[in-house]
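Just below is one structure, and these are the notes that go with it.
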Amino acid sequence: VFGKDINLILILNNLSFDHKTVKVDISASTILYTRRAVSEILQATTSVDLGSKQGKHIRLRIPYTYYGKYLTTDKRIQVTALCEVMNMHGIKLLVEKTIILEDTNIIIKIPRRVVVNKAVTLEISYANPLPEPVNSCVLLVTLMNQQVKIHLAGLAPRERSRIYFEFTPRRTGPLQLQVDFSCDKFSHVKGFVTIAVAPA
């Protein structure tokens, strides 16, 4: 989840009866959805001894402080581990994983029944998932082909807040509401709901 430390495990298994030493070069970078690297955020090298038919786990932790300011709006991190079996004429194995960090900070609550030409109030809650305060908070609400920009107070670390938004639907059928939350530390955290508008 965006704003939290990332914990990964690399599992190495020696399928032979011979003792093996494996050198592991690990790197992590923030990337765009096209897989183009933006910033390297971690580089580490370790060596693992594997006995006959033995398996071992390598734990990797990427703190939020490593990736937070380098993350793009795609919220993707590419982790690679190049595993080289020593004294085996350069036998290498490359393991790759793309992590897409999830946003959980927009929650939209709508009444059970929404009726055409009758005012309805929605509850939109938003959060700061980071271990640091955020400022310059803005909520952009898009509904019925109109956008409303709402300037909000800053949020303390891990704080959640809410606003109430009133509107009157002018036609029956499905209506899509989109919310876009931005601040000085991250931008374009989106949430949306489809509202079923009933006849009067």
**Residues which pass side chain to side chain donor-acceptor pair (under 3.5 Å) with S52, listed by chain and number, not counting sequence neighbours** = none
**CZ/R35: more than 12 non-hydrogen atoms of other groups inside 6.0 Å** = no
**Message:** Among residues at least two apart in sequence or on other chains, which ones pass side-chain contact (heavy atoms from CB on, under 4.5 Å) with S47?
**Reply:** T21
Residues 107-121 side chain polar contacts: donor-acceptor under 3.5 Å, at least two apart:
residue, atom, partner, partner atom, Å
N117, OD1, R170, NH1, 3.4

**Prompt:** Is a side-chain donor-acceptor pair under 3.5 Å present for T80 with E96?
**Reply:** no
**Request:** Indicate yes or no: at least one non-hydrogen side-chain atom of L42 is less than 4.5 angstrom from one of V79.
**Result:** no
**Message:** Side-chain heavy atoms under 4.5 Å apart, restricted to Ile/Leu/Val/Met/Phe/Trp/Tyr: what other residues fall into the cluster of L32, or is it alone?
**Reply:** V38
**Message:** Taking F192 as the starting point, is it possible to reach V197 by hopping between hydrophobic residues whose side chains are less than 4.5 Å apart?
**Reply:** no
**Complete:** side-chain contact (heavy atoms from CB on, under 4.5 Å) filter on S39, not counting sequence neighbours, yields T30, Y70
**Asked** Are E40 and S27 side-chain neighbours, meaning at least one heavy-atom pair lies under 4.5 Å?
**Response** yes
**Prompt:** Going by side-chain heavy atoms closer than 4.5 Å, which hydrophobic residues are tied to L94, directly or by a chain of links?
**Reply:** L82
**Prompt:** Listed by chain and number, what are the side chain to side chain donor-acceptor pair (under 3.5 Å) partners of Q43, not counting sequence neighbours?
**Reply:** none
**Asked** Under 3.5 Å, is there a donor-acceptor pair between the side chain of S29 and the main chain of I31?
**Response** no
**Message:** So, using ring-ring contact (aromatic ring centres under 6.0 Å, His included) as the criterion, who are the partners of Y126 when residues are at least two apart?
**Reply:** F181
**Any pair counted as ring pair (Phe, Tyr, Trp, His ring centres under 6.0 Å), so long as it reaches residues 137-162, sequence neighbours left out** = none
**side chain to side chain donor-acceptor pair (under 3.5 Å) involving T46 - partner list, sequence neighbours excluded** = none
Contacts table for residues 131-145: side-chain donor-acceptor under 3.5 angstrom, sequence neighbours left out:
residue, atom, partner, partner atom, Å
E132, OE2, Y64, OH, 3.1
T142, OG1, Q147, NE2, 3.3

**Fill in**
The side-chain contact (heavy atoms from CB on, under 4.5 Å) partners of S182 (sequence neighbours excluded) come to D180, S187, H188
